[in-house]
Amino acid sequence: MSGTTSGFEQARKTAEGLAYSSGFGNEHASEAVPGALPVGRNSPQRAPLGLYAEQLSGTAFTEPRAHNRRSWLYRVRPSAAHPRFVRADGGSLRGAPFTETEPDPNRLRWDPLPDPAPGTDFLDGLWTLGGNGDAARREGVAIHLYAANAPMERRVFSSADGELLIVPERGGLLLRTEFGLLRAEPGHIALIPRGVRFRVEPLDAVVRGYVCENMGRPFVLPDLGPIGANGLANPRDFLAPTAAYEDVEGQVEVVSKFCGGLWTATYDHSPLDVVAWHGNLVPYVYDLRRFNVIGSISYDHPDPSIFTVLTSPSDTPGLAGVDFVVFAPRWLVGEDTFRPPYFHRNVMSEYMGLIEGAYDAKTAGPGGFVPGGGSLHNMMSAHGPDRETFDRASAAELVPQKVDDGLAFMFETRWPVTLTAQARDAGHLQHGYDDVWQGLERHFRG
Ligand SMILES: O=C(O)Cc1cc(O)ccc1O
Ligand SMILES: [Fe+2]
C-alpha cells in the first residue's frame, strides 16, 4: 500500500508480507509517501505534502522521559474535523465501573462463546466478561471475548478508556490502524493503544479470542533484575506497523468507547488517513512463541510472574494493575518437585484463557479448560491442580519433561473481577467447576 492510496476494496492479500518496524518503547518513524515526514521539527508552519500535523499523547506531557509515550501523525484531515458524537448501544460490550453483579468469590469457568450470528463484525462480536476499576479514573481492566465472522465495513473503533490487548484464539485478524496494518494469528498478541482508531478484517471464516482492556498505565516489559539484559519477551520481537493510509471519502462510522459507553459519529472520510508518523506510542504485534521461558533448573515451581510478557505498573512498586502472563512450551526438570502449578490462594485475581492445546494444571477435554474458554479465580479463592493432575504429578517419574502441548495465558489483576450479568447468567458458564477439586483425599499419616 506504500506510496499509493487505498480504499475499502483493498484485497486481503495486503495482509501478506506486511512491513514492520521492530522494538518496544523506542522511537519509530514511517512514511507511506516519501517526504511526508517533516525533517528536524514536528510541526512546521506548513507540514509536507499539505498534510496536517497532530500529536497523540498516551501519557501526560510531563511524565518522566522513560515512561513518556506520544506520536506525531501527519494526516489528510485533522482528527478534530468531525461531527458530534451521539450515544450508541454497546450491545454486549460493557465498561468500568462494573456494578451489574455482586463480586463473587467462587471459582468460575466458561466454555467458549457461542458461534456469532452471520454478519457479526469484531465490534459487534465483543462480549464483556467483567472487570474492575474505573474508566474515568484511568485504572483497572475490562476483560472481553470476541467472536466474529465479518469485516468491519465503513466503520472504525477506538477505546479512550484503555489500550486493547487482543489475544486471538481462533482465526487470524488483519488490523487496519491509523499507523498502518498489523496481522495477528492465534499465538500472537496485538496491542492497540488507547484512542487509536482501527478496524478489523477476519482472515478466516470465524475468528475468536480474548481482549484485555487495560485502563491503567500502558503495558511495559517487566524489569529483568538478576535475569540480566536479555530474556522473557525480547524488545526486538515487538513489531509496529509501517505507515499505510486510506484516502477514502464517503460515510464512515467512527465508534469510540468513552467512560464505559459507546459513542458514534458519521464522518465524511476515513480517519485511517495517516500518511506518515513518528514516535513511541504505537500499535504492535508479538508472537508469543518468541517468549524466552525462564524457570527452575534445580527444584520447586517458580511463581508465574517469571512468565510475564507485559505489565501495567501501578503506583506501588512491584504491584501491577494487570500483568499479561503466558504459559509457553518449556522443559520441566525440577528434582523432588511437584511440577504443575501448586495449590494457592492469591491476593491478585487471575483470569486464564487457553489459545491452543491443554494446560498442565487442568484436565483437558469437554467440560474442562478448553481453547476459547476461560477461568476466573478471584482474590484469595483457593485453586491449583485438579484432582487428576494432583494424582498424576505426585506419582510421576521426574525425568526431564517437555511441556509443549498448549499455549495458555493469564490476565492477573490487582483487584477482584466483577462479572457482567451476561457472564454470570451465560449458558456457557460451566456448572460444577468446584467438583474438579473433589476427592482430593487425606493422606495424612500423623
Ligand atoms: O492458577 C494458575 O494456574 C496460574 C498459576 C500458575 C502457576 O504456575 C503458579 C501459580 C498460578 O497462579
Ligand atoms: Fe493461580
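Whatever order the structure lists them in is the order used to number ligands and atoms, beginning at 1.
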Does ligand 1 have any N/O atom under 3.5 Å from a protein N/O, and what are those pairs and their distances?
unit_1   : atom_1 : unit_2 : atom_2 : d
ligand 1 : 1 (O)  : His344 : NE2    : 3.4
ligand 1 : 1 (O)  : Glu350 : OE1    : 3.0
ligand 1 : 1 (O)  : His383 : NE2    : 3.0
ligand 1 : 3 (O)  : Tyr359 : OH     : 2.6
ligand 1 : 8 (O)  : His301 : NE2    : 2.5
ligand 1 : 12 (O) : His344 : NE2    : 2.6
ligand 1 : 12 (O) : Glu350 : OE1    : 3.0
ligand 1 : 12 (O) : Glu350 : OE2    : 2.9

Identify, with sequence neighbours excluded, every residue that meets side chain to side chain donor-acceptor pair (under 3.5 Å) alongside Arg69.
none
Do any N or O atoms from the side chain of Asn378 and from the backbone of Val417 form a donor-acceptor pair under 3.5 angstrom?
yes
Is the Phe238 ring parallel, tilted or perpendicular to the Tyr286 ring (thresholds 30°, 60°)?
parallel
Hey, are Glu163 and Arg217 close enough for a salt bridge, meaning a charged N less than 4.0 Å from a carboxylate O?
no
Listed pairs under 3.5 Å, donor-acceptor, residues 350-358 side chains, sequence neighbours left out:
unit_1 : atom_1 : unit_2 : atom_2 : d
Glu350 : OE1    : His383 : NE2    : 3.0
Glu350 : OE2    : His344 : NE2    : 3.4
Glu350 : OE2    : Asn346 : ND2    : 2.9

Do the charged groups of Arg75 and Asp273 touch, with an N to O distance under 4.0 Å?
yes
N/O donor-acceptor pair under 3.5 Å between Ser30 side chain and Ala243 backbone:
yes
Is a side-chain N or O of Ser158 found less than 3.5 angstrom from the main chain of Val196, in a donor-acceptor match?
no
Interatomic distance, CZ@Arg87 vs CH2@Trp263, rounded to 0.5 Å, equals 6.5 Å
Suppose the cut-off is 2.8 Å; which protein N/O/S atoms would you list for the Fe ion (ligand 2)?
His344 NE2, Glu350 OE1, Glu350 OE2, His383 NE2
